[in-house]
Asks: 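Have a look at this one before I ask anything.
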Amino acid sequence: MADQATEKTRLLVVEDEAEIARVVARYFEAQGFSVTIAANGKAMRELLTREPPDLVLLDLGLPDEDGFAATRHLREHWGGPIIIVTGKAEATDRVVGLELGADDYVAKPFDLRELLARVRSVLRRSQRSHIHDRPRKYRFEGYSLDVDARVLTDATNERVQLTSGEFDLLCALIAQPRRVISRDELLTRLHGRSAGPYDRTIDVQVGRLRRKLERDPANPVLVRSVRGQGYVFTAELSPW
Ligand code: CA
């Protein structure tokens, strides 16, 4: 057997409750991960530069640092995926954490198998998004989109005037092409809140975007609705 030690996925567990950290570490090591533990925010910052991990599992309730500040620090100084762990089952904490750039969350007490599934899913997603991130310039149906410059031009090279919200919505849809994205996910991502049963914000924005982009807004082909589920970007997308 080849030595696979160097290929192990490195997990950094930021957790001040020693028993939880130990249980998580033991479980993930048995699953083939290499695990480091940081018991506070200071240790996290040190380990981040000394042994850069592939994924951080971050307890929001740290003794020496506000969990949101820790999330922000990770986002600003390190580009990898973050799963936040909340002690309280408060939706607001999760939403704020996701808004600050965490990729997913689990609430204590969590099931280790579920945590493993989340970790694998987030790692898969981040590997995919790294591949998709590189061009940041796309063409679809005659349009050219420059994500970083925030410019969309049509087939005649005319700039399409989008509001900032419409542009962000388009980017959110394009980031996961051919995948149905729920209203709730879009709302959380774009507005930092989850949808109430009668929340029409996303539907209204999609309607506006369609009127600007679709040849026939009544029969959309770029952004389709999936009844009861959400929206999906269905146009052929190519890097530019
Ligand atoms: Ca804690």
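Being a predicted model, the structure only gives us computed values, none of them experimental. Scope of the values below: all heavy atoms of this structure, side chains included, with no hydrogens, waters or symmetry mates. When a ligand or atom number is given, it counts from 1 through the structure's own listing order.
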Asks: Which of the N/O/S atoms in D16 sits closest to the Ca ion (ligand 1)?
Replies: OD1
Asks: Got an N, O or S from D59 under 3.0 Å of the Ca ion (ligand 1)?
Replies: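 Of the N, O and S atoms in D59, at least one lies under 3.0 Å from the Ca ion (ligand 1), which means yes.
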Asks: Looking only at the aromatic ring of each residue, does the gap between the centers of Y143 and Y138 stay below 6.0 angstrom?
Replies: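 No.
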Asks: As an exercise, state the distance from NZ of K212 to CG of D154, rounded to the nearest 0.5 Å.
Replies: 13.0 Å
Asks: Just how far is it from atom CD1 of I83 to atom OH of Y105, taken to the nearest 0.5 Å?
Replies: 12.0 Å
Asks: Do you see an N/O/S atom of G61, backbone or side chain, under 3.0 Å from the Ca ion (ligand 1)?
Replies: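 So G61 counts as coordinating the Ca ion (ligand 1), yes.
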Asks: Rounded at 0.5 Å granularity, tell me how far CG in L190 sits from CZ in R183.
Replies: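 One gets 13.5 Å once the value is rounded to the nearest 0.5 Å.
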